[in-house]
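Small disclaimer: the values here were computed from a predicted structure and weren't measured. In listed order, ligands and their atoms are each counted from 1.
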Amino acid sequence: MPATVIVGAQWGDEGKGKIVDLLAQSSDLVCRYQGGPNAGHTIIAGGETFKIRQIPSGVISGKECVLGAGCVVDPEVFLDEVDELEARGIATGVVRLSGNAHLVMPWHVAIDQASERRLGKLQIGTTRRGIGPAYADKASRIGIRVQDLLDPKILRQKIEVALAEKNVWLERVYEVEPFDLDKVAGQYETFAKRLRPYVADTSLLVDRALREGRSVLFEGAQGTLLDLDHGTYPFVTSSNPVASGAATGIGIGPNRLDTILGVAKGYVTRVGEGPLPSEIPSPDQERVRQLGGEFGTVTGRERRCGWLDLVALRYAVRLNGMTSLALTKLDVLSAFSEIPVCVRYRLPDGTETADFPAHQSDFHHARPVYETLPGWQEPLGDELPAAARRYVELVERELEIEVSLVGTGAERERVVSPRGLEPVAGR
Ligand code: GDP
């Protein structure tokens with residue numbers, strides 16, 4: 001299908017990077033439509049591990065890559081990534097950056113860090129990379145965009161206007177050091193020289209590619225339950241990871257999107273605060289965390305682990321208009337003799353629901369109702385053992401959606417299609 005969106009179906013870190021990398025092999029263009037330099041995709045290819053935060057992971061396969069208007073870009077992170085990729089023999093001339101994307105400025109990072117510190121126990125658990133504050137300024141119409149870098153006079157003016165307010169906040173409210181206009185302007189003018197060749201009209205470029213029948217992959221960062229509008233607010237990200245965000249974030253019509261592939265782990269994880277009804281009790285939680293390597297790619301933070309939550313996943317199927325599902329990291333569950341799956345929530349009034357609660361207090365108090373399946377307790381190869389197939393079939397039956405891919409290991413090759421029961425990579 002020419003336009004395919006890959007969207008995280010849980011709280012992020014679902015292993016989207018690997019699925020994007022796999023499908024990028026047969027795509028012409030790979031686009032990011034939202035989010036900033038905290039995506040932290042991990043891709044293991046040709047025995048090498050790549051950790052990419054800002055640039056679409058398709059760059060590793062040499063595909064034309066787009067960062068759309070819906071993204072926020074930290075020029076320093078972007079250029080560091082460019083340098084690292086180039087040093088490892090990966091050409092970055094294929095990357096295109098929307099002039100409408102907003103810039104993460106140094107004060108965004110400073111405010112993000114200071115405000116999380118101030119919130120203390122109430123903190124959101126942001127990655128403290130300035131992404132939220134950059135989106136906030138975008139909504140307040142005082143953001144600085146990539147295209148502002150192209151004119152040093154405009155750039156300096158905008159930095160000056162922003163600093164007049166931000167420095168007051170930084171000094172008086174957060175009691176941290178203010179920024180110096182000349183220093184910031186000089187630094188961003190240097191970034192501008194290096195960024196200029198990457199800037200393009202990405203909406204036009206993607207639209208043309210689709211008209212020409214080329215295949216375009218849209219990779220979402222974070223996940224559905226972190227969506228600003230539909231996620232578990234306020235423990236969410238500051239943009240719209242849901243599939244329809246691909247249309248707005250890139251600047252194409254929603255009717256151009258053909259296939260929506262959701263990516264979910266065979267269990268769930270969540271970073272930072274907020275409810276997680278199917279959170280696994282100790283010591284199994286630590287076991288899943290160790291086996292699954294559930295520590296933040298960028299931050300190293302421990303992720304909380306839960307059994308697969310089909311109530312939340314059903315919600316993700318609905319919100320994204322998902323056409324099929326990739327179930328990653330099923331191999332992590334091979335260690336368990338029994339595997340609970342959360343099929344419904346029990347609410348405080350004693351009722352049970354298969355649909356995600358519309359009100360946060362219901363979600364906060366939801367208790368999981370489990371169906372427990374026998375484990376397979378053997379390593380997963382190209383053919384799924386019967387118990388693993390039953391696990392996949394339960395997901396398909398409950399969600400009324402096809403599981404088209406199953407992840408059986410960290411490497412690019414370790415993906416099978418449960419229908420054909422054959423390795424998918426390299427097709
Ligand atoms: P993303 O942001 O959604 O790409 O998630 P991460 O970068 O956190 O990726 C999840 C981690 O799981 C990475 O280290 C991947 O290499 C790894 N991974 C992806 N798929 C599988 C799988 O099927 N099995 C195992 N064991 N690891 C996987």
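For ligand 1, the atoms closer than 4.0 angstrom to any heavy atom of D331 are 22 (C), 23 (O), 24 (N), 25 (C), 26 (N). Taking every heavy atom of G407 and a limit of under 4.0 angstrom, the matching atoms of ligand 1 come to 23 (O). Near D13, with a cut-off below 4.0 Å to any heavy atom, the atoms of ligand 1 are 1 (P), 2 (O), 3 (O), 5 (O), 8 (O). When each atom of ligand 1 is checked for a heavy atom of T408 under 4.0 Å away, the hits are 23 (O).
E76 places a side-chain heavy atom less than 4.5 Å from the side chain of F191. Here the side chains of Y198 and T92 are in contact, with some heavy-atom distance below 4.5 Å. Side chains of R304 and W11 form no contact here, defined as non-hydrogen atoms less than 4.5 Å apart.
Taking all heavy atoms of Q10, R303, E14, E294 into account, the minimum distance to atom 8 (O) of ligand 1 is reached by R303. Considering each of A410, G17, G292, G223, the one bringing a non-hydrogen atom nearest atom 18 (N) of ligand 1 is A410.
By the criterion of a heavy-atom distance under 4.0 Å, both the backbone and the side chain of K329 are placed next to ligand 1. The proximity of V20 to ligand 1, defined as any non-hydrogen pair under 4.0 Å, does not occur for either the backbone or the side chain.
Ligand 1 has no nitrogen or oxygen under 3.5 angstrom from a nitrogen or oxygen of L330. Polar contact check, R414 against ligand 1: no nitrogen or oxygen pair lies under 3.5 Å apart.
Heavy-atom separations between G409 and ligand 1 include at least one value shorter than 4.0 Å.
The local environment of CD in E338 is sparse, with at most 12 non-hydrogen atoms from other residues, nucleotides or ligands closer than 6.0 Å.
At least one test fails for R194 against the ring of F78: distance under 6.0 Å to the centre or angle within 45° of the axis.
Taking a cutoff of 4.0 Å between a charged side-chain nitrogen and a carboxylate oxygen, D13 and R303 qualify as a salt bridge. R270 has no carboxylate O lying under 4.0 Å from a charged side-chain N of D309, or vice versa, which leaves the two without a salt bridge.
Between F356 and Y315, the ring planes lie parallel to each other; the angle is under 30°, not in the 30° to 60° tilted range.
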